[in-house]
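Heads up, the thing below is written out as structure tokens.
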Amino acid sequence: MNSLKTFQKVGALAVFGIASLGIGQAASAAVLNFDAQPEVYFVSPIYEAGYTLNSIADGFGTNNNSLWPSNGTRHLMSWTNNSSTSGFTLTADDNAAFTVDSFQFGSGYIGQYDAVTSLIVTLSGGNGPFSQTFTSGVDFLNFGPGLTLLTMAGGHTATQYTFSAFGGHNRAQFDNISINTTNVPEPGSLSLMALGLMITGFAPGVRAGKLTT
């Protein structure tokens, strides 16, 4: 009987341990709002809440003034003076895969010039590749004064997101990038959980078979 009890305890501890691990690795969320960033221009990279943003544009920075569309708080901005593409890449500092759920986007100056014609978000790593295109006049408004909330298609994770804004001499603004991260237990942990469930599940059968001492 003592052996059976020990057998059951081992199984229960295995299940509890892995369940606790699963709880510890449940989904976590972050919103990149740039409110604590200084007003800066021509800087790269920018670090925010455990993520790194690297410019792919001529200009990159954070600010909030009356020239750019805004939601009234500090935001990220990218621009190009010499080509037709501005934007940035977004990666987690720990190189983990993550999901961007939504973000706010602004196009051009409030003075009605240098608008973005289209924005393409490209995913790599994770369960990518995947890309999603947002089009001016359909998905977002130009020239503000506010920002447009854009939602990413669900079911995708990536280790890198590339935000590419197209349009000659375009100006693009980004804010409140909503991120979710779910860490899945390692295969070995899943196997251990299965073993624990088998132990606890078959314990009554073991007792019925009188495999006790």
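The structure presented is a predicted model; accordingly, all values stated were derived computationally and were not measured. Positions are given from 1 along the sequence. Values below: every heavy atom of this structure, side chains too, minus hydrogens, waters and symmetry copies.
Among all heavy-atom pairs drawn from Y113 and G111, the shortest one is CD2-O, 3.4 Å. Shown here for I46 and F60, the closest heavy-atom pair between the two residues is CD1-CE2, 3.8 Å. Nearest heavy-atom pair, N63 versus M77, reported as atom, atom and distance to 0.1 Å: OD1-SD, 3.2 Å. Considering all non-hydrogen atoms of both residues, E48 and L32 come closest at O-CD2, 3.6 Å. The shortest non-hydrogen separation linking L119 to V116 is N-CG1, 4.4 Å. Closest approach of L141 and T148 over heavy atoms only: N-OG1, 3.4 Å.
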(Q) Checking N95 against T159 for the side chain to side chain contact (heavy atoms under 4.5 Å, CB included) test, could you report, in this order, the C-alpha distance in whole Å, the side-chain angles of both residues, the deciding distance, and whether it holds? (A) CA-CA 6 Å; N95 298 314; T159 54; over 6 Å; no
Q.
Go through it in stages, so that I can follow the logic: the residues are N64 and E39, the test is side-chain hydrogen bond (donor to acceptor under 3.5 Å, both in side chains), and I'd like the CA-CA distance, side-chain angles, deciding distance and then a yes or no.
A. CA-CA 8 Å; N64 179 40; E39 183 166 321; over 6 Å; no
(Q) One pair to check against side-chain hydrogen bond (donor to acceptor under 3.5 Å, both in side chains): S78 and S86. What are the steps and the verdict? (A) CA-CA 6 Å; S78 69; S86 74; 3.1 Å; yes
Q: Run the numbers on D175 and N71 for side-chain hydrogen bond (donor to acceptor under 3.5 Å, both in side chains), then give the verdict.
A: CA-CA 8 Å; D175 204 358; N71 57 7; 3.1 Å; yes
(Q) As a quick check of understanding, evaluate side chain to side chain contact (heavy atoms under 4.5 Å, CB included) for T99 and D101, giving each step before the final call. (A) CA-CA 6 Å; T99 298; D101 294 325; 3.4 Å; yes
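When side chains are defined from C-beta on, L150 counts as touching D139, because their heavy atoms get closer than 4.5 Å. Between I179 and I177 the shortest side-chain heavy-atom distance falls below 4.5 Å. Under the 4.5 Å side-chain criterion, counting only non-hydrogen atoms from C-beta, F140 is in contact with N142.
Between Y109 and W79, the distance from one ring center to the other does not fall under 6.0 angstrom. Between F88 and F174, a ring centre-to-centre spacing shorter than 6.0 Å is recorded. Remark: aromatic rings of F103 and F163 are close, center separation under 6.0 Å. In this structure, F98 has its ring center closer than 6.0 angstrom to the ring center of Y51.
Counting only distance, with no hydrogens or angles, the side chain of R171 and the backbone of S107 share no donor-acceptor pair below 3.5 Å. Panel note: side chain T135, backbone V138; no donor-acceptor pair is recorded below 3.5 Å. A side-chain donor-acceptor contact under 3.5 Å links S70 to the backbone of G72. Between the H75 side chain and the Q173 main chain, no donor and acceptor come within less than 3.5 Å of each other. Using a distance-only test at 3.5 Å, with no hydrogens or angles considered, a donor-acceptor pair links the side chain of T157 to the main chain of N127. Between the side chain of T117 and the main chain of F166, a donor-acceptor pair closer than 3.5 Å is present. The backbone N or O of V100 lies less than 3.5 Å from a partner atom in the side chain of Y161, making a donor-acceptor pair.
Checked against L123 for a side-chain contact (heavy atoms from CB on, under 4.5 Å), the options Q132, M152, Q160 give a single hit: M152.
F42 and W68 fall within the same hydrophobic cluster, where Ile, Leu, Val, Met, Phe, Trp and Tyr residues are linked whenever their side-chain heavy atoms come under 4.5 Å apart, directly or through other members. By the rule that hydrophobic residues join a cluster once side-chain heavy atoms approach within less than 4.5 Å of another member, L90 and V43 end up as members of one cluster.
Under the 3.5 Å distance criterion, with hydrogens and angles disregarded, a donor-acceptor pair is assigned to the side chains of T80 and D58. A donor-acceptor contact closer than 3.5 angstrom is absent between the side chains of N170 and D114.
Distance CG/L149 to OG/S102: 5.0 Å, rounded to 0.5 Å. Taken from CG in L53 to OG1 in T91, the straight-line distance is 7.5 Å, to the nearest 0.5 Å. With rounding to the nearest 0.5 Å, the separation of CG in N176 from CG in L76 is 11.5 Å.
For P129, the side chain to side chain contact (heavy atoms under 4.5 Å, CB included) criterion is met by no residue, not counting sequence neighbours.
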